[in-house]
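Here is the structure we will look at, set down as structure tokens.
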Amino acid sequence: MLEILYQDEHFVAINKPSGLMVHPSELTGREGEFAMYLLRDQLGKYVYPCHRLDRATSGVLIFAFSSEMCQQFQELNNESGEVKKEYLSIVRGHLLESKMLTKDIKNRYDKVYKSAKTYIEPLERVELPIPVGPYPTSRYTLVLSRPYTGKTHQIRLHLRGENHPIIGDRRYGDHRHNNMFLEKFQLDRLWLHAWKYSFVHPITQKLTEIKAELPSDFKEILTLIDINYE
């Protein structure tokens with residue numbers, strides 16, 4: 001049963017678990033479970049995904065009950081503030097300051113670099129007495145990211161470009177730190193969570209804010225590495 005965070009006559013939002021695909025595509029194929037079909041069966045009506053989350057990312061995922069509402073949602077403008085997305089992640093190293101990242105990015109599926117814009121802000125830093133590689137200790141930061149564009153793997157690529165890859169990122173991350181988390185804490189996932197999604201409702205014109213509580217494994221890892229997430 002999917003956790004429903006918000007529902008009205010036009011939209012429904014869930015807290016997507018890490019590991020669940022949003023919908024079938026050329027990249028995912030058609031085998032396995034998909035949030036779109038699970039939610040359709042749970043509610044007994046068809047739903048249209050308004051945006052996407054990577055399979056490994058958890059958090060707020062919004063669907064519309066009609067293709068028209070889906071299109072109106074997708075036409076909302078991030079730059080003007082009609083949509084505001086906030087993500088939490090655990091990254092390697094100490095991020096020392098907030099900054100706006102505007103470097104073009106290219107994921108493994110793209111043939112050319114694409115423009116992207118992401119704001120990042122350090123929330124809390126920690127240094128653990130656990131050696132990784134040649135260093136006697138290991139450093140991590142809980143980061144708030146706010147993407148202003150919607151490119152595939154945007155947050156993951158922008159953070160890697162700052163030399164702060166997300167822990168648990170098997171594609172763009174640091175395998176030494178990923179393996180340490182698995183071996184030391186027996187927890188293994190991409191530590192990226194879509195925490196909050198705010199948008200101007202196309203019908204009511206009111207600001208609608210949806211929050212997804214951190215999953216239990218995310219809370220557990222933050223406790224284990226002594227980061228305060230409240």
Side-chain angles (χ1 to χ4, degrees), residues 1-5 13-22 32-33 35 53-61 85-99 101 118-147 153-197 209-230:
M1 186 74 69
L2 295 170
E3 179 189 359
I4 294 179
L5 304 171
I14 66 168
N15 189 356
K16 186 186 86 67
S18 174
L20 180 63
M21 294 175 283
V22 176
E33 289 191 318
L53 291 177
D54 293 341
R55 177 176 183 169
T57 304
S58 57
V60 177
L61 179 61
K85 299 172 280 188
E86 296 185 5
Y87 291 71
L88 297 175
S89 62
I90 304 169
V91 307
R92 183 193 70 187
H94 280 177
L95 177 64
L96 299 178
E97 61 181 357
S98 303
K99 59 181 71 176
L101 308 179
T118 309
Y119 169 81
I120 60 173
E121 176 185 340
L123 299 180
E124 188 166 344
R125 293 177 286 269
V126 67
E127 184 167 359
L128 305 179
I130 302 173
V132 177
Y135 303 102
T137 62
S138 48
R139 295 178 173 183
Y140 304 100
T141 306
L142 179 65
V143 174
L144 171 71
S145 298
R146 187 177 300 139
H153 300 166
Q154 176 175 320
I155 295 174
R156 296 161 65 182
L157 286 165
H158 263 164
L159 285 169
R160 184 186 72 167
E162 291 295 301
N163 205 29
H164 294 297
I166 298 175
I167 302 302
D169 193 334
R170 297 294 175 182
R171 180 166 295 159
Y172 306 116
D174 185 324
H175 70 277
R176 297 170 303 173
H177 289 263
N178 294 344
N179 292 339
M180 185 278 279
F181 266 61
L182 176 58
E183 294 167 7
K184 183 73 175 178
F185 305 117
Q186 289 78 54
L187 291 169
D188 184 28
R189 59 159 286 184
L190 174 71
W191 299 107
L192 178 64
H193 179 72
W195 174 61
K196 188 193 303 183
Y197 214 116
E209 183 177 277
I210 304 169
K211 290 183 179 179
E213 184 178 356
L214 285 173
S216 58
D217 57 357
F218 212 123
K219 291 181 179 179
E220 182 180 358
I221 197 65
L222 291 178
T223 299
L224 289 170
I225 66 175
D226 199 25
I227 283 184
N228 179 23
Y229 56 87
E230 298 296 340

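The model shown is predicted, which means the values in this text are computed figures rather than measured ones.
Here the side chain of K16 pairs a donor or acceptor atom with the backbone of T57 at under 3.5 angstrom. S89 contributes no side-chain N or O that, together with a main-chain N or O of W191, makes up a donor-acceptor pair within less than 3.5 Å.
Interatomic distance, CG of L192 versus OG of S18, reported as 9.0 Å (0.5 Å rounding). With rounding to the nearest 0.5 angstrom, the CG atom of L20 is 8.5 Å from the CG atom of L61. To the nearest 0.5 Å, the span separating NE2 on H193 from CZ on F218 amounts to 7.5 Å. Of the inter-residue distances, the one linking I210 atom CD1 with N15 atom CG reads 11.0 Å to the nearest 0.5 angstrom. To the nearest 0.5 Å, atom CD1 of residue I90 and atom CD1 of residue I166 are 10.0 Å apart. Once rounded to the nearest 0.5 Å, the distance linking CG of L222 with CD1 of I225 reads 5.5 Å.
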Stepwise side chain to side chain contact (heavy atoms under 4.5 Å, CB included) test for L88 and L123 = CA-CA 9 Å; L88 297 175; L123 299 180; 3.6 Å; yes
Worked check of side chain to side chain contact (heavy atoms under 4.5 Å, CB included) between L187 and L182 = CA-CA 5 Å; L187 291 169; L182 176 58; over 6 Å; no
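The side chain to side chain contact (heavy atoms under 4.5 Å, CB included) search around R139 returns H94, E127, not counting sequence neighbours. Every residue was checked against the salt bridge (charged side-chain N to carboxylate O under 4.0 Å, His left out) condition with E3, not counting sequence neighbours, and none meets it. In this structure R55 satisfies the salt bridge (charged side-chain N to carboxylate O under 4.0 Å, His left out) test with no other residue, sequence neighbours excluded. Evaluation of the ring-ring contact (aromatic ring centres under 6.0 Å, His included) rule for F185 yields F181 as partners, not counting sequence neighbours. Contacts of H177 classified as side chain to side chain contact (heavy atoms under 4.5 Å, CB included), with partners at least two apart in sequence or in another chain: R92, V132, S138, Y140, I167, D174. Contacts of K211 classified as side chain to side chain donor-acceptor pair (under 3.5 Å), with partners at least two apart in sequence or in another chain: none. Applying the side chain to side chain contact (heavy atoms under 4.5 Å, CB included) criterion to S98, with sequence neighbours excluded, gives Y119, E121, P122. The side chain to side chain donor-acceptor pair (under 3.5 Å) check on E209 picks up nothing, with sequence neighbours excluded. Taking E162 as the reference, K99, L101, I120, H164 meet the side chain to side chain contact (heavy atoms under 4.5 Å, CB included) condition, with sequence neighbours excluded.
Taking both residues in full, the closest heavy atoms of R125 and T141 are given as CG-OG1, 3.5 Å, listed atom of the first, atom of the second, then distance. Contact record, P17 with S58: C-CB, 4.2 Å, taken as the closest heavy-atom pair. Nearest heavy atoms, L142 versus N228: CD2-O, 4.3 Å. Nearest heavy-atom pair, V22 versus L53, reported as atom, atom and distance to 0.1 Å: CG2-O, 3.5 Å. When all heavy atoms of V91 and V143 are compared, the closest pair comes out as CG2-CG2, 3.7 Å. Closest approach of D226 to V126, counting heavy atoms only: O-CG2, 4.2 Å.
Residue-environment remark: CG (N179) exceeds the threshold of 12 foreign heavy atoms within 6.0 Å. In E213, the CD atom is not crowded: 12 or fewer heavy atoms of neighbouring residues, nucleotides or ligands sit closer than 6.0 Å.
Counting only heavy atoms from C-beta outward, the side chains of V60 and L5 approach each other to under 4.5 Å.
Pairs passing the salt bridge (Lys or Arg N to Asp or Glu O under 4.0 Å) check and including a residue from residues 178-194, sequence neighbours excluded, read R170-D188, R189-D217.
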Between side-chain atoms of residues 153-161 and protein atoms elsewhere (two or more places apart, or another chain), which donor-acceptor pairs fall under 3.5 Å?
unit_1 : atom_1 : unit_2 : atom_2 : d
H153   : ND1    : Y172   : OH     : 2.7
Q154   : OE1    : T149   : OG1    : 2.7
Q154   : OE1    : K151   : N      : 3.1
Q154   : NE2    : K117   : O      : 2.9
Q154   : NE2    : T118   : OG1    : 2.7
Q154   : NE2    : T149   : O      : 3.3
Q154   : NE2    : T149   : OG1    : 3.2
R156   : NE     : D169   : OD2    : 2.9
R156   : NH1    : D54    : OD2    : 3.0
R156   : NH2    : D169   : OD1    : 2.9
H158   : ND1    : T118   : OG1    : 2.8
H158   : NE2    : K103   : O      : 2.8

